[in-house]
Each structure stands twice: as structure tokens, then as C-alpha cells.
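A short worksheet on the structure shown next.
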Amino acid sequence: QVHLVESGGGLVQAGGSLRLSCAASGRTFSSYAMGWFRQAPGKEREFVAVISRSAGSTQYADSVKGRFTISRDNAKNTVYLQMNSLKPEDTAVYYCAGRQGMIITRRSYEYDYWGQGTQVTVSS
């Protein structure tokens, strides 16, 4: 069992930056690929970014590529999402998710564990 807790959300003006963190419990964090997803009001949850167990591979949604960076620190059981050049359309609840194994995926249903989410609001 893995328990995930996100933090770092908040209100920021367009063009600003935020760094989200997701802290995981347990001793097997390094065996999980970790992803970030987001859900805006009235919309479906969508993929944002994913990082492999060893951080050797990452993928990003086209909408955030070049602006967001996913990273992880296995010694701290934490995955991060650095968000720069934020836009109003980035406003959403952001969730981290964990999937045991080496395969990285953009499909939310393939993740085993989810955090409770953290709100990011970007004002124009």
C-alpha cells in the first residue's frame, strides 16, 4: 500500500510558477512510476507528465511541454512538478499517481494509487 499526499498548490498570476510535491509513504517508492494528472471543473481528468522509476524516462502532455518539468527524489520518496509560465487554462486540481513497475503510461486507469489532489488556480 502506498499513500500519496500532494502539496504546493495555490493561486498564482499568469506567467508565474509553482512547484508541486507529492510525498509517498512506504519503502517501495523507487519501484513505482509516478505521474501527474489534472482535472478542471466540468472536464475529464487528463494526463500531465510521468516519470519512470529511476527518472531515466519522462513524458509530457503537449499542452505543458517546455513549461512543466517532472522530477523525483527516491531518497525522499517524493515526486515534483515544476510549473513555469503558467496559463489560466492550467487551472485544475492536480493529482499525483503511482504505478508499480517499469512501464510508464499516460492512461489514468493503469495507475494503482492516487493522492487527494491539490488546487492550482492561475489568474489572468
* Beyond-backbone contact of Thr91 with Gln119, side-chain heavy atoms, under 4.5 angstrom -> yes
* Asked: Roughly how far apart are Asn84 CG and Arg67 CZ, rounded to 0.5 Å?
  -> 9.0 Å
* Thinking salt bridges, do Asp62 and Lys65 make one under a 4.0 Å N-O criterion? -> yes
* Asked: Measuring from Ser71:OG to Met34:CE, what's the distance to the nearest 0.5 Å?
  -> 11.5 Å
* To do: For the residue pair Leu20 and Met83, establish whether any side-chain heavy-atom pair is separated by less than 4.5 Å.
  => yes
* Within the distance-only criterion (no hydrogens, no angle test), does the side chain of Glu6 pair as donor or acceptor with the backbone N or O of Gln116 below 3.5 angstrom? -> yes
* Considering all heavy atoms of both residues, which atom of Asn74 and which atom of Ser30 are nearest to each other, and what is their separation? -> ND2-CB, 3.7 Å
* **Point-to-point distance, once rounded to the nearest 0.5 Å, from CD of Gln100 to CZ of Arg53** => 8.5 Å
* **Under 3.5 Å donor-acceptor, Asp90 side chain and Val120 backbone** => no
* For the pair Ser25 (side chain) and His3 (backbone), establish whether a donor and an acceptor sit closer than 3.5 Å, ignoring hydrogens and angles. => yes
* Identify the heavy atoms of Ala14 and Pro88 that sit nearest to each other, and give their distance. => CB-CD, 4.1 Å
* Asked: Taking atom CD1 of Ile103 as the centre, does the number of heavy atoms from other residues, nucleotides or ligands within less than 6.0 Å exceed 12?
  -> no
* To do: Measure the OH-OH distance between Tyr113 and Tyr32 for me, rounded to the nearest 0.5 Å.
  => 4.0 Å
* Joint cluster assignment, Ile70 & Tyr111, ILVMFWY side-chain distance < 4.5 Å -> no
* To do: Please state whether the rings of Trp114 and Phe37 are parallel, tilted or perpendicular, taking 30° and 60° as the class boundaries.
  => tilted
* Asked: Do you reckon Trp36 sits in the same ILVMFWY cluster as Ile51, going by side-chain contacts under 4.5 Å, direct or chained?
  -> yes
* Side-chain (Arg19) to main-chain (Gly9) donor-acceptor, under 3.5 angstrom -> no
* **Side-chain donor or acceptor of Thr78 paired with backbone N/O of Ala23 under 3.5 Å** => no
* Nearest heavy atoms of Ile104 and Ala33, plus distance in Å -> CG2-CB, 4.0 Å
* Asked: How far does OG of Ser123 sit from CD of Gln13, to the nearest 0.5 angstrom?
  -> 5.0 Å
* Asked: Given side chains that start at C-beta, do those of Val79 and Phe29 come closer than 4.5 Å, heavy atoms only?
  -> yes
* To do: State, to 0.1 Å, how close Val93 and Gly117 come at their nearest heavy-atom pair, and which atoms those are.
  => CG1-CA, 3.8 Å
* Structure fact -> In short, Lys43 meets Gln39 closest at the heavy-atom pair O-NE2, 3.1 Å
* Verdict with reasoning, Val50 to Arg99, per side chain to side chain contact (heavy atoms under 4.5 Å, CB included) -> CA-CA 10 Å; Val50 61; Arg99 181 187 189 280; over 6 Å; no
* To do: Can you measure from OH (Tyr60) to CZ (Phe47) and round to the nearest 0.5 angstrom?
  => 9.0 Å
* **Test item: Asp73 and Tyr80 side chains (from C-beta on) under 4.5 Å apart, heavy atoms** => yes
* Is there a donor-acceptor pair under 3.5 Å between the side chain of Arg72 and the backbone N or O of Ser52? -> yes
* Asked: For residues Tyr94 and Arg38, is any side-chain donor paired with an opposing acceptor at under 3.5 Å?
  -> yes
